[in-house]
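Below: the structure, in structure tokens.
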Amino acid sequence: MEYLIKKDYKLDKCIEIFENNHKNFVFDKNSITDPIYTKFVCTLDDEPIGYAVVYPHNDFLTREQFNCNYSPEDDSIYIWHIVVHSAHCGKGVGKFINNAILNEYKEHPIYCVVDKNNTPSLLLHNKQGFQIVAEFTQDFHGNMTTFALLKHD
Ligand SMILES: CC(C)(COP(=O)(O)OP(=O)(O)OC[C@H]1O[C@@H](n2cnc3c(N)ncnc32)[C@H](O)[C@@H]1OP(=O)(O)O)[C@@H](O)C(=O)NCCC(=O)NCCS
């Protein structure tokens with residue numbers, strides 16, 4: 001049994017994973033089926049167990065209306081969200097998905113935005129070489145939320 005990454009694969013199952021473990025840190029379920037995003041789906045025995053949604057353009061901060069005064073490079077890309085099914089957390093799936101994204105976009109600056117209260121996600125990204133380049137606070141789905149903008153080094 002091994003993890004495999006398949007792009008835009010079994011998105012109905014990704015929606016189930018979102019429902020299972022978004023933990024109120026991830027809200028944009030529609031991005032899973034929006035073709036502008038590339039979905040990196042981790043499978044085990046051909047079944048999705050986690051996924052990431054990647055936005056492969058540099059206007060992500062304005063597109064998401066983030067209150068962040070930072071100008072990403074023209075060729076930058078953005079990991080919009082990553083979710084692993086609760087039954088498979090803590091087994092390296094998040095790391096495996098992020099590594100596939102880092103490999104695919106190794107010629108590009110790679111960013112993500114993480115809620116500063118989301119310790120597992122911050123640690124996951126820090127361990128993989130992401131550093132905080134900006135912080136900002138704004139209303140997000142009814143809560144004042146402080147976010148970190150992280151860039152892969
Ligand atoms: C964040 C998330 C994707 C991590 O996925 P995962 O498959 O469990 O992560 P991994 O097993 O690959 O762990 C990689 C690193 O992340 C960190 N990490 C993962 N889960 C953690 C936890 N519960 N507490 C603290 N650190 C954690 C650790 O540093 C870990 O490295 P280690 O195993 O060497 O200690 C997963 O917890 C999740 O789906 N969370 C809910 C949705 C969410 O918040 N997504 C991020 C929004 S951007």
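Both counts, for ligands and for their atoms, begin at 1 and track the order of listing.
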Heavy-atom nearest neighbour in the protein, as seen from [atom], with distance rounded to 0.1 Å:
atom	answer
atom 39 (O) of ligand 1	Val84 N, 2.8 Å
atom 18 (N) of ligand 1	Pro120 O, 3.8 Å
atom 47 (C) of ligand 1	Val26 CG2, 3.6 Å
atom 38 (C) of ligand 1	Asn21 ND2, 3.7 Å
atom 13 (O) of ligand 1	Leu124 CD1, 4.3 Å
atom 9 (O) of ligand 1	Gly94 N, 4.0 Å
atom 28 (C) of ligand 1	Leu123 CB, 4.3 Å
atom 36 (C) of ligand 1	Cys89 SG, 3.9 Å

Distance (rounded to the nearest 0.5 Å) between Gln128 CD and Ile110 CD1: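 So the CD of Gln128 and the CD1 of Ile110 are separated by 10.0 Å.
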Taking all atoms of both residues into account, what is the closest heavy-atom pair of [X] and [Y], and its distance?
X	Y	result
Ile82	Gly94	CD1-O, 3.7 Å
Gly50	Ile17	N-CD1, 3.5 Å
Pro48	Tyr9	CG-O, 4.3 Å

Given side chains that start at C-beta, do those of Leu61 and Leu149 come closer than 4.5 Å, heavy atoms only? yes
If I apply the N/O under 3.5 Å rule, does His81 come out as touching ligand 1?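 No, His81 has no N/O under 3.5 Å of an N/O on ligand 1.
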Gly90-ligand 1 polar pair, N/O distance under 3.5 Å: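 Looking only at distances, the answer is yes, because the N/O contact criterion of under 3.5 Å is met.
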Under a 4.0 angstrom heavy-atom cut-off, which atoms of ligand 1 come close to [X]?
X	answer
Asn118	43 (C), 44 (O), 46 (C), 47 (C)
Val93	7 (O), 12 (O)
Lys91	11 (O)
Lys95	12 (O), 14 (C), 34 (O)
Gly92	10 (P), 11 (O), 12 (O)

Under 4.0 angstrom from ligand 1, any heavy atom of Ile82?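 It does, in that a heavy atom of Ile82 comes within the 4.0 Å cut-off of ligand 1.
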With Tyr51, which of His81, Lys13, Lys39 fulfils side chain to side chain donor-acceptor pair (under 3.5 Å)?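 Looking at His81, Lys13, Lys39, the match for Tyr51 under the side chain to side chain donor-acceptor pair (under 3.5 Å) is His81.
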Can you check ring-ring contact (aromatic ring centres under 6.0 Å, His included) on Phe60 and Tyr55, steps first, answer last? CA-CA 7 Å; Phe60 42 86; Tyr55 180 66; 7.0 Å; no
Side chain to side chain contact (heavy atoms under 4.5 Å, CB included), that's the test. Do Trp80 and Asp34 meet it? Break it down for me. CA-CA 12 Å; Trp80 176 215; Asp34 183 339; over 6 Å; no
If we ignore angles and hydrogens, is there a donor and acceptor under 3.5 Å between the side chains of [X] and [Y]?
X	Y	result
Asn21	Ser86	no
Glu73	Tyr111	yes
Lys106	Asn103	yes

May I ask which of Lys127, Gln128, His22 has a heavy atom nearer to atom 34 (O) of ligand 1 than the others do?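 The residue whose heavy atom sits nearest atom 34 (O) of ligand 1 is Lys127.
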Nearest heavy atom to atom 48 (S) of ligand 1: which of Gly50, Ser121, Cys112 does it belong to?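 Among Gly50, Ser121, Cys112, the closest heavy atom to atom 48 (S) of ligand 1 comes from Ser121.
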Quiz question for you: does at least one protein heavy atom lie closer than 4.0 Å to atom 41 (C) of ligand 1? yes
Is it the case that the ring center of Phe27 lies less than 6.0 angstrom away from the ring center of Phe140? yes
